[in-house]
Number of protein chains: 2
Amino acid sequence: MARRGDTIELAVLGLLHEGPMHGYELRKRLNLMLGWGRVLSYGSLYPALKKMLRANLIREVSAAATPTSRRPRIVYEVTPAGNEEFQRLMSEVGPTAWEDDNFDIRFAFFSSTDMEIRLRVLEGRRSRLQERLARVQAELARTQAEVDRYAGELQRHGVESVEREVRWLSDLIRAERGDSEAPPTRSAGTAGVPTPSD
Amino acid sequence: MARRGDTIELAVLGLLHEGPMHGYELRKRLNLMLGWGRVLSYGSLYPALKKMLRANLIREVSAAATPTSRRPRIVYEVTPAGNEEFQRLMSEVGPTAWEDDNFDIRFAFFSSTDMEIRLRVLEGRRSRLQERLARVQAELARTQAEVDRYAGELQRHGVESVEREVRWLSDLIRAERGDSEAPPTRSAGTAGVPTPSD
DNA sequence: AATTTCATGTAATTCGTTACATGATTCC
DNA sequence: GGAATCATGTAACGAATTACATGAAATT
């Protein structure tokens with residue numbers, strides 16, 4: 001099952017899916033990807049790579065590909081087993097997949113899965129947010145004038161942020177379903193909608 | 001110095017600042033406060049309370065206050081030393097204070113500090129977000145059409161979210177400075193602006 | 001009478017960070 | 001030739017979670 005800590009594993013597999021890469025570069029790409037607050041440290045990445053290497057999910061690319069010089073870099077690529085694991089993790093849509101980081105990772109690699117899974121992830125995330133929204137709004141209504149000025153302002157802002165994300169998700173779901181004509185968000189006209197005919 | 005893990009401590013001190021409470025209730029309030037994703041477990045809270053008890057930041061309220069029955073609850077209150085520590089932590093505005101959770105906690109207890117500190121926290125948070133924004137947007141412009149459809153959509157949504165928060169912070173800063181007339185956000189007319197005359 | 005919620009706690013584990021340590025390569 | 005960046009790794013540590021364990025009070 002997808003434990004909490006499979007986040008890095010999934011991310012690495014997803015990135016290597018695009019092509020071979022070495023650790024340092026993986027870290028840079030990763031930090032950009034979930035870059036809002038979190039930065040992955042070497043102390044997390046390299047041990048994770050070693051572990052995946054042992055598990056045969058990735059392998060070192062024979063250095064031959066870099067002819068001129070440049071030795072110290074260790075370039076990794078996904079093994080067939082790694083690709084299987086990647087698909088397995090992507091399609092394993094459970095509670096952990098709705099969580100912020102895990103959702104982001106999955107979303108970023110949506111191109112590597114099919115629409116069915118995309119929809120499940122998007123809809124799962126949406127329901128989860130809507131549940132929370134309902135709960136907090138109920139609480140907000142109950143305690144009404146009672147709450148502190150700033151605490152209340154914070155909660156209001158939180159609610160609005162989540163409402164915004166729900167709308168975003170709804171747009172994406174609509175686009176994904178091919179209700180057509182509607183671009184995912186405000187992007188340029190034709191591009192951006194994944195045509196089911198592919 | 002404010003280490004990463006002082007988050008719970010600050011939150012507990014802040015909540016008890018409003019009045020005595022027992023662990024279970026503290027947890028509920030806490031989960032509501034930073035309720036978007038995180039839930040604090042007993043395994044974190046109770047040891048933290050014990051630690052604070054030892055450090056003399058909080059003390060048990062003599063059970064006399066609950067006359068009818070109800071024994072098992074252990075109600076805590078802040079000690080003078082705890083209040084000092086609370087003020088110290090609140091005014092200690094460093095990098096850790098701009099982080100998501102720490103910022104939220106501090107914001108929620110803004111009523112218990114003065115405007116000077118509020119402004120420092122708000123402005124600090126804003127600069128931090130703006131820095132990130134600049135960095136990501138630069139990256140976004142550089143890699144332009146190159147990026148994956150979904151990865152790009154995620155980044156765009158991230159940027160917009162942060163931009164929204166920056167606007168929110170700017171509103172709050174303006175209100176805080178008493179540029180007057182401008183309510184903090186969209187709240188009801190007169191209320192909500194902290195009048196400096198208090 | 002039984003189930004749920006309230007209420008407190010401990011032990012083991014996990015995820016990940018910080019700090020440390022090292023060395024090659026490229027830019028100035 | 002020196003500084004910055006690239007690049008890889010280890011050890012110690014920290015914060016918080018999960019799982020475990022227990023029991024009282026309230027609700028159905």
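Numbered from 1 within each chain, the chains take letters A, B, ... in sequence-line order.
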Quiz item: Of the nucleotides C/dT10, C/dA7, D/dT10, which has the atom closest to the B/Pro47 side chain?
Solution: C/dT10
Self-check item: Atom-to-atom span, OH of A/Tyr46 to P of C/dT18 - whole angstrom
Solution: 16 Å
Practice problem: Could you tell me whether B/Gly23 contacts a base, only the sugar-phosphate backbone, or nothing, with contacts defined as non-hydrogen atoms closer than 4.0 Å? | Solution: sugar-phosphate
Quiz item: A/Asp6 CG to C/dT14 P: how many Å, rounded?
Solution: 12 Å
Quiz item: Rounded to whole angstrom units, what separation is found between the CG atom of B/Leu53 and the P atom of C/dT8?
Solution: 13 Å
Exercise. Output yes when a side-chain donor or acceptor of B/Arg73 lies under 3.5 Å from a complementary backbone atom of B/His22, and no otherwise.
Key: no
Self-check item: Sole candidate of A/Arg106, A/Arg128, A/Arg125 that passes salt bridge (charged side-chain N to carboxylate O under 4.0 Å, His left out) when paired with A/Asp100
Solution: A/Arg125
Self-check item: A/Lys50 side-chain proximity, nearest of D/dT18, D/dT10, C/dT8
Solution: D/dT10
Quiz item: To the nearest angstrom, how far is A/His22 atom NE2 from C/dA24 atom C1'?
Solution: 13 Å
Quiz item: What nucleotide among D/dA16, C/dT10, C/dG16 has an atom nearest to a side-chain atom of B/Ser44?
Solution: D/dA16
Quiz item: A/Ile8 side chain: which of C/dG16, C/dT8, C/dG9 is closest?
Solution: C/dG16
Quiz item: For the pair made of CG in B/Asn31 and P in C/dC6, what is the distance, rounded to whole Å?
Solution: 13 Å
Exercise. Look at the side chain of B/Arg118 and the backbone N and O of B/Thr113, then say whether any donor-acceptor pair between them is shorter than 3.5 Å.
Key: yes
Quiz item: What integer distance in Å separates B/Leu45:CG from D/dT18:C1'?
Solution: 16 Å
Quiz item: Can A/Thr79 and A/Asn56 be counted as having a side-chain donor-acceptor contact under 3.5 angstrom?
Solution: no
Practice problem: Take atom OH of A/Tyr24 and atom P of C/dA24, then tell me their distance rounded to the nearest Å. | Solution: 17 Å
Practice problem: Ignoring backbone atoms, establish whether B/Tyr42 has a side-chain N or O less than 4.0 Å from OP1 or OP2 of C/dT8. | Solution: no
Exercise. Return the nearest nucleotide to the side chain of A/Ile74; candidates are D/dG9, C/dT10, D/dA7.
Key: D/dG9
Quiz item: Between B/Lys28 and B/Gly43, which has a closest nucleotide on DNA chain C that is more 5'?
Solution: B/Lys28
Quiz item: Is it the case that A/Arg126 and A/Ser170 place a side-chain donor and acceptor less than 3.5 Å from each other?
Solution: yes
Quiz item: Where the side chain of A/Ser41 is concerned, which of C/dT8, C/dT18, D/dT8 is the nearest nucleotide?
Solution: C/dT18
Self-check item: Nearest-Å distance for atom pair CG/P, residues A/Leu49 and C/dG16
Solution: 13 Å
Quiz item: To the side chain of A/Tyr76, which of D/dT8, D/dG9, D/dT17 is closest?
Solution: D/dG9
